[in-house]
J.: 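Quick one: the structure is below, questions incoming.
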Amino acid sequence: MKKFVNDPANFVAEMLEGVALANPEMLRYVPEYNLIYRADRPNPDKVSVVQGSGSGHEPAHIMAVGPGMLDAAAPGNVFSAPPVDYCYECIKRLASPKGVLVLINNYQGDRMNWDMAIEMAQAEGINVKSFIIDDDVAVQDSTHTVGRRGVAGNFFVIKACGAAAERGASLDELLRIAQKVNSQVRTMGVALTSCTPPAKGKPIFEIGDDEIEVGVGIHGEPGRRRDKLKPADAIVDELFDAVFNDLPFKSGDRVAVMINGLGGTPISELYVLYRRAAQRCKEKGLTIVRNYVGEYCTSLEMAGASLTLLRLDSELEDLLAAPAEVAVRIF
Amino acid sequence: MKKFVNDPANFVAEMLEGVALANPEMLRYVPEYNLIYRADRPNPDKVSVVQGSGSGHEPAHIMAVGPGMLDAAAPGNVFSAPPVDYCYECIKRLASPKGVLVLINNYQGDRMNWDMAIEMAQAEGINVKSFIIDDDVAVQDSTHTVGRRGVAGNFFVIKACGAAAERGASLDELLRIAQKVNSQVRTMGVALTSCTPPAKGKPIFEIGDDEIEVGVGIHGEPGRRRDKLKPADAIVDELFDAVFNDLPFKSGDRVAVMINGLGGTPISELYVLYRRAAQRCKEKGLTIVRNYVGEYCTSLEMAGASLTLLRLDSELEDLLAAPAEVAVRIF
Amino acid sequence: MQEITLADFERAIKAAAETALRNEKYFSELDSAAGDADFGVSLASGFRVVQNDWDQLDRSSIGAFLLKISMIISRNVGGCSGPIWGTAFMRAGMLSRDKTSITLEDLEKMLTAAIEGIQQRGGAVEGDKTLLDALIPVRNKIKEYVGKPDADLREVLREAAAVATEAIERTKNWVAKRGRQSFTGERSVGTPDPGIVAIATMLNDICKAVGVEPASQASNG
Amino acid sequence: MQEITLADFERAIKAAAETALRNEKYFSELDSAAGDADFGVSLASGFRVVQNDWDQLDRSSIGAFLLKISMIISRNVGGCSGPIWGTAFMRAGMLSRDKTSITLEDLEKMLTAAIEGIQQRGGAVEGDKTLLDALIPVRNKIKEYVGKPDADLREVLREAAAVATEAIERTKNWVAKRGRQSFTGERSVGTPDPGIVAIATMLNDICKAVGVEPASQASNG
Ligand SMILES: Nc1ncnc2c1ncn2[C@@H]1O[C@H](COP(=O)(O)OP(=O)(O)O)[C@@H](O)[C@H]1O
Ligand SMILES: Nc1ncnc2c1ncn2[C@@H]1O[C@H](COP(=O)(O)OP(=O)(O)O)[C@@H](O)[C@H]1O
Ligand SMILES: [Mg+2]
Ligand SMILES: [Mg+2]
Ligand SMILES: [Mg+2]
Ligand SMILES: [Mg+2]
């Protein structure tokens with residue numbers, strides 16, 4: 001295992017400490033609960049939007065905390081759901097009279113722990129509701145889920161809800177928006193390599209030098225099938241068709257397109273993929289209103305990428321265009 | 001070689017096409033010369049700031065084109081300098097009565113080709129000057145350079161000159177600022193793995209499973225020495241000491257800190273490194289005014305990172321804080 | 001009819017904790033046949049904390065006590081068992097927040113709330129070969145005694161342990177439909193469900209702890 | 001004294017291009033001893049384009065012609081040779097932009113400008129074992145004839161080729177201090193410098209192309 005790591009047991013804690021040290025004004029960090037939240041939150045006039053799943057998917061979701069995005073994130077260990085008390089503390093500290101919205105990617109562990117924390121918080125009179133994101137079209141059920149998995153499409157739910165919350169939307173309004181985004185967003189990914197959780201020290205799956213995993217999950221869960229390595233355009237075509245036909249999208253749709261790197265793939269390659277995705281959109285009569293090329297939801301250092309399409313309407317276009325800021329400085 | 005690539009000979013062209021397709025309003029793309037420039041340039045009231053070196057270092061430098069940053073970039077093939085006519089066309093198309101500033105990282109190929117293009121442009125009466133960046137403290141001369149190499153510190157020269165140019169600074173004023181930044185910025189990197197240029201198809205150097213290259217260059221050039229893999233904090237300490245002692249920095253300095261990923265290292269690990277860098281700054285009495293954690297100057301999919309320190313004064317603090325925008329959408 | 005006191009709950013939880021720790025290896029072995037061999041370790045991790053923190057646990061009411069147990073379990077037990085057991089204790093605790101003693105009817109309601117909580121949390125139903133296939137018969141047995149003013153609580157406990165023990169053999173040849181074991185499908189046929197064995201063993205150990213002779217013996221790992 | 005015409009330059013460049021193409025493998029072999037074995041391929045890539053584009057080259061003046069050659073060379077030749085040869089042609093071209101014939105004095109000035117350009121571009125000085133160690137003696141030899149009204153241009157060319165050829169053996173045991181070869185240090189001792197060999201071979205081939213019997217023969221790859 002070749003990684004920048006000290007004691008693997010402290011990997012997540014040290015990463016969070018690094019994020020906190022890098023954003024002393026914007027963020028607060030509570031090490032006991034892996035909790036990162038905005039220093040100016042909770043705001044009594046705004047619904048708090050929070051998320052917490054396994055670590056290893058950075059920048060999702062701890063680096064999505066900031067104005068117009070998440071108010072807090074409570075990550076678990078690498079690839080494991082945050083324990084119930086992390087979830088509970090997150091809700092409790094972010095509790096606002098306007099409510100708390102928990103955005104959950106559809107994994108059994110995340111769902112069960114958050115559900116339990118929500119019940120406990122509700123029993124104390126906290127106004128909290130949750131929404132489940134399941135944008136991955138690759139497989140119906142999986143080793144980690146009943147139903148589809150939640151992957152990079154998550155970003156769009158956060159962005160839209162974050163923007164609406166900033167404008168004062170109610171909790172029910174946010175649930176409606178989350179529901180709308182989730183119903184219009186579809187993703188599929190592909191892995192070229194495996195990845196190695198620091199505490200495990202070994203790759204989470206084996207893959208041949210000439211193989212790819214089509215439809216891979218962000219914890220390395222099996223996808224649709226193994227295939228031989230093929231040209232970038234052919235890979236995009238397969239992802240695009242799976243995503244396009246699932247909703248299905250149709251000619252005339254206005255869309256946002258995301259090419260998300262899984263961690264080990266350089267941005268140069270992501271633009272090679274975007275080029276083909278843009279060609280396919282044009283061919284299918286889709287108008288690309290916004291595009292996102294970079295890392296949004298990763299699997300540690302896995303080489304690979306996912307393609308996401310989101311069908312837009314004027315409300316969503318407006319929400320995606322709203323100002324936002326994240327805890328990762330770019331320039 | 002496991003990469004998203006079609007015909008390796010088209011890798012750079014397809015990446016550039018992807019960048020252009022992703023930024024149809026902001027950018028113009030001239031395929032014959034690998035030229036990416038701002039659609040609203042040249043501006044007769046502003047010095048044009050341009051750069052062009054080998055590809056494979058993305059986001060440097062094609063993805064640094066945008067308001068407050070570069071006006072144009074003319075990359076060569078992966079790890080090779082742009083040919084003279086690319087450089088010449090870039091200068092010619094960006095020529096402004098206020099002048100053109102070419103920022104060159106100190107590599108022999110880049111220097112020779114740009115110098116020649118500058119001579120040709122000057123012979124036609126274009127007002128163009130160049131500045132050489134050499135922030136890498138690892139080695140004095142190298143396989144690609146006479147003198148130190150120019151690496152991630154490049155970003156700060158671009159940012160400061162881009163901001164000042166936007167405010168109307170003269171060409172000589174920009175040369176003064178570039179000189180100031182370059183004299184105050186120091187970088188050293190470390191590689192955990194090698195990387196594979198698409199057209200080469202093989203790693204550019206061999207490195208053992210338990211080895212690291214301390215002081216590596218961004219084209220895989222040898223650094224100071226091979227070492228055994230060691231804890232993240234120990235690696236940061238070595239980079240930090242090399243950088244700190246070179247200027248040398250001193251207690252009371254106000255600094256910008258950059259942890260730059262070399263391409264294959266996930267952002268979670270970069271924050272583990274930042275944590276230690278921040279601790280070391282504190283211990284040495286440095287005040288971190290701004291920090292940058294992410295990818296700024298990469299080597300394809302190489303796993304590794306570099307640490308940059310920049311000593312600030314009020315002028316530089318102001319220039320770094322100025323608004324800027326790049327051609328890569330984050331959210 | 002006698003009431004069930006906080007002290008009874010303390011005694012029961014203490015016995016259950018001992019069950020979990022004594023059977024750490026055995027429960028994991030059971031989980032290895034068709035599951036991922038973590039059940040014993042998971043359960044023991046949680047109950048070890050219960051034991052360690054024993055003296056500091058909130059004892060202001062039965063509910064407060066159970067909610068504290070719920071928190072420890074959910075926090076320290078991995079896999080599906082954390083939220084499932086945590087939910088069970090939480091639901092039961094919520095119905096007894098302000099009580100220091102409860103009736104058999106209260107207990108039946110708490111157990112029902114726990115069962116519903118487990119079903120809601122993990123989506124399992126009766127017949128899926130999970131610990132619900134022990135807990136539901138136990139709850140049903142207790143219900144039989146509710147409203148009988150002369151019911152002997154010790155007798156109820158013995159009967160509850162008996163039906164839980166019966167569940168082990170009764171469900172052995174079923175196919176597991178929940179948790180990691182469900183991924184191996186038919187491989188679960190012929191192997192007792194670790195969750196059911198754990199419930200039965202705990203009830204039998206509680207019997208012994210309060211001096212009730214159990215009807216039969218589930219296991220002794 | 002005779003002038004040197006655009007047609008002379010055309011003939012010389014054509015011969016040099018043929019030299020580069022004929023010696024592609026040989027020049028790379030020379031570069032493989034101490035360098036990175038790309039010199040022959042690099043040079044040929046550039047001169048191949050010169051040949052292919054031959055009919056469309058700008059012939060409005062000697063300078064325009066040389067600037068066009070400069071552009072093609074810099075664009076198509078890799079390694080250090082692209083900017084070095086490109087600069088040489090550019091500097092020479094800039095001094096003859098509006099001329100269709102030049103004197104020997106002009107030629108000497110153009111060659112000096114080319115040498116200065118190469119030095120400025122690559123930082124090499126005389127003695128670094130580069131093509132400068134052929135070009136500088138050639139320029140000096142030409143300078144000897146400047147101002148001699150009865151100098152025979154064919155004689156000057158023969159002498160120039162001769163000093164370039166001598167440079168091969170004279171510098172063979174030097175240590176290369178520039179380009180890739182300098183990285184291998186002492187390994188360059190005993191091997192002729194590929195750049196010097198190329199200059200000498202080209203001058204000898206130009207002699208032949210214009211019917212001048214060269215003083216000696218550099219190589220025939
Ligand atoms: N969805 C569920 N609902 C109720 N009980 C379950 C469920 N999934 C598993 N169980 C119970 O938990 C036991 C396995 O626990 P454990 O090994 O900790 O879970 P995992 O399947 O995550 O490894 C099973 O024997 C079964 O009794
Ligand atoms: N800095 C320099 N200045 C002048 N000539 C040089 C320089 N570097 C190399 N040369 C010449 O170029 C030749 C090698 O060219 P080439 O193989 O294309 O360059 P590279 O060293 O980049 O592989 C050498 O034989 C030498 O004559
Ligand atoms: Mg298990
Ligand atoms: Mg498990
Ligand atoms: Mg060479
Ligand atoms: Mg070379």
Side-chain angles (χ1 to χ4, degrees), chain A residues 9 32-35 52-54 74 76-92 102 104 106-126 130 132 134 139-147 197 199-200 204-205 217 219 221-222, chain C residues 34-36 38 42 45-46 49-50 53 58 61 63-64 66-98 113-114 116-125 128 130 177-185:
Chain A
E32 305 89 276
Y33 301 106
N34 276 9
L35 178 64
S53 66
N77 236 314
V78 171
F79 296 171
S80 4
V84 174
D85 57 340
Y86 288 20
C87 302
Y88 171 74
E89 278 292 326
C90 175
I91 295 168
K92 209 164 159 178
V102 183
I104 306 174
N106 189 31
Y107 296 97
Q108 209 152 17
D110 293 331
R111 287 185 69 155
M112 291 198 299
N113 290 345
W114 277 107
D115 282 358
M116 202 180 146
I118 288 168
E119 246 180 60
M120 291 164 63
Q122 282 169 341
E124 293 177 24
I126 296 175
S130 68
I132 309 291
D134 60 349
V139 291
Q140 192 46 44
D141 296 321
S142 76
T143 45
H144 289 51
T145 56
V146 175
K200 190 175 154 91
I204 49 174
F205 63 91
H219 313 92
E221 310 97 287
Chain C
D36 56 354
D38 63 348
S42 296
S45 318
V49 180
V50 170
D53 293 1
D58 186 346
S61 72
L66 293 179
L67 285 171
K68 189 65 214 173
I69 301 293
S70 162
M71 218 19 163
I72 293 175
I73 297 287
S74 349
R75 173 73 184 87
N76 295 286
V77 175
C80 285
S81 295
I84 282 171
W85 290 62
T87 297
F89 283 109
M90 179 180 68
R91 288 289 175 95
M94 280 185 182
L95 292 186
S96 52
R97 277 178 133 175
D98 42 14
E116 285 169 4
I118 292 171
Q119 287 174 326
Q120 190 184 320
R121 194 68 69 233
V125 295
D128 280 353
T130 71
K177 300 223 176 79
R178 295 285 156 183
R180 297 284 158 140
Q181 296 169 95
S182 62
F183 301 139
T184 58

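It should be emphasised that the depicted structure is a prediction, and the values quoted were computed from it without experimental measurement. Naming convention: chains lettered A, B, ... in sequence-line order (proteins, then strands); numbering from 1 in each chain. Below, all heavy atoms of this structure are taken into account, side chains as well, without hydrogens, waters or symmetry copies.
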J.: Taking all heavy atoms of C/I84 and all of C/I118, pick out the closest pair and write down the distance.
T.: O-CG1, 3.7 Å
J.: Between chain A and each of C/R97, C/M90, C/R75, C/M94, count heavy-atom pairs under 4.5 Å; write down the option with the most.
T.: C/R75
J.: Within the structure provided, determine whether A/Y88 and C/M71 are in side-chain contact (heavy-atom separation under 4.5 Å).
T.: yes
J.: Determine the minimum heavy-atom distance between A/W114 and A/G52, stating which atoms define it.
T.: NE1-O, 2.7 Å
J.: Please rank C/G122, C/G86, C/G123, C/G117 by heavy-atom pairs under 4.5 Å with chain A and give me the top one.
T.: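 The residue among C/G122, C/G86, C/G123, C/G117 with the greatest pair count is C/G86.
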J.: May I ask you to name which of C/T87, C/V77, C/L67 has the most heavy-atom pairs under 4.5 Å with chain A?
T.: C/T87
J.: Locate the shortest heavy-atom distance separating C/A114 from C/A88; write the atom from each residue and the value.
T.: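 In terms of heavy atoms, the two residues are closest at CB-O, 3.5 Å.
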